[in-house]
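Shown below is the structure under consideration.
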Amino acid sequence: MYMSNQSIVVKPTSTFTGAEIEGVDLSQPLSDEIIKDIRNALLKWKVVFFRNQNLDHAGQVAFTSRFGEVTYAHPHEDEPIADHPEILPIDRSRFERRNGLQKSSYESRWHTDVTAAVNPPAGSILRAVNVPSVGGDTTWTNLVAAYEGLSEPIRELADKLKAQHHFNAGLQLPPSSKYAQRIAANPLVSIHPVVRVHPETGEKALFVNPGFTSHIIGLSRKESKLLLELFFNQIKKPAYTTRFRWNNGDIAFWDNRATAHLAPQDLDHLDVERVLYRTTITGDIPVGPDGFRSEIVEGEVFNSNLPSVLKQKAEELKAEPVLA
């Protein structure tokens, strides 16, 4: 535990990953010094938590903007919240209604947000509004610690590898589902280094995840599958993780360049609501230890702009004649 000059208290939740920050009201104007303290805690612990906050949509967007440009809600979000297109609802009933799938979130496996894009978000902020009294925890893992826990020969191999990322890697969605159709209409596919050099800390992170990484470039299918299985098992090791028990008003802020996270695994058999709201910060293009910069296979950069496909769809709807 440590305290800043302005009384922010940082309490680690595990030895590798996660810390709760006390002594700050995110609904109030924050000094540059406090923002710096929060950023430093984030870089050290990879995910930080704020309990019992009182933020609305506008407050969440304002807080997020202190750390960079706030992105559009999501590459496939075609029903944005009125007046707040930056916010993505993580709402179980809404997802099922809109996409015809019984899922609690966009991706229920271990994943790093939107790595299908050539510039995945630098950070993500999630605010709990209506969460169950039991269950629904989220777990994060430290991708820097995971990389450093590999043996030296495997680290040296990983430093040279590249992998392809796209939405729902390894899953067979029903082609008729609305979500599958959204992905098909706006495909994002990128090639990233398997090891990413963090642009602020210089640390190396194992930048693969089961939710988005489909295969390693240049390897046979069998070699790729076996090596990815090794890497996936590494990032899922309990030693590198922290698990967060949500209450209404809680906020999690994670460094998307150095973490992966796991959505709740214990709610599918229950009829409960779970509503949270996510904002993300525009990220830079990942760079590997050998200087390789991520490349676009399909799609475009992900930032504050409305994705081109959604912009075109909106323009077509405006142009449709109104029937009397």
Practice problem: State, with a plain yes or no, whether a side-chain heavy atom of Arg274 is found less than 4.5 Å away from one of Pro264. | Solution: yes
Quiz item: For the atom pair OG (Ser14) and OH (Tyr240), what is the distance rounded to the nearest 0.5 Å?
Solution: 12.0 Å
Exercise. Mind checking salt bridge (Lys or Arg N to Asp or Glu O under 4.0 Å) for Arg293 and listing every partner two or more places apart, or none if nothing turns up?
Key: none
Practice problem: Please list all pairs passing the side-chain hydrogen bond (donor to acceptor under 3.5 Å, both in side chains) test where one or both residues lie in residues 280-289, with sequence neighbours left out. | Solution: Glu69-Thr282, Thr71-Thr280, Arg196-Asp284
Quiz prompt | Test salt bridge (Lys or Arg N to Asp or Glu O under 4.0 Å) applied to Lys236 - qualifying residues, sequence neighbours left out | solution = none
Quiz item: Does the side chain of His74 pick up a donor-acceptor pair with the side chain of Arg278 at under 3.5 Å?
Solution: no
Quiz item: So do Phe67 and Ile38 actually touch side chain to side chain, heavy atoms under 4.5 Å?
Solution: yes
Practice problem: Linking directly or through intermediates, with side-chain heavy atoms under 4.5 Å: list the remaining ILVMFWY members grouped with Leu161, chain and number order. | Solution: Leu143, Tyr147, Leu150, Ile154, Leu157, Val194, Val195, Leu206, Val208, Ile216, Leu219, Leu227, Leu228, Leu230, Phe231, Phe232, Ile235
Quiz item: Can you check whether Thr115 reaches Asn209 side chain to side chain, under 4.5 Å on heavy atoms?
Solution: yes
Quiz item: Are the side chains of Ser224 and Arg221 in touch, meaning some heavy atoms are under 4.5 Å apart?
Solution: no
Self-check item: CD/Glu200: more than 12 non-hydrogen atoms of other groups inside 6.0 Å
Solution: yes
Quiz item: Of all residues at least two apart in sequence or in a different chain, which pass the side-chain contact (heavy atoms from CB on, under 4.5 Å) check with Glu156?
Solution: Glu152
Practice problem: Identify, with sequence neighbours excluded, every residue that meets salt bridge (Lys or Arg N to Asp or Glu O under 4.0 Å) alongside Asp83. | Solution: none
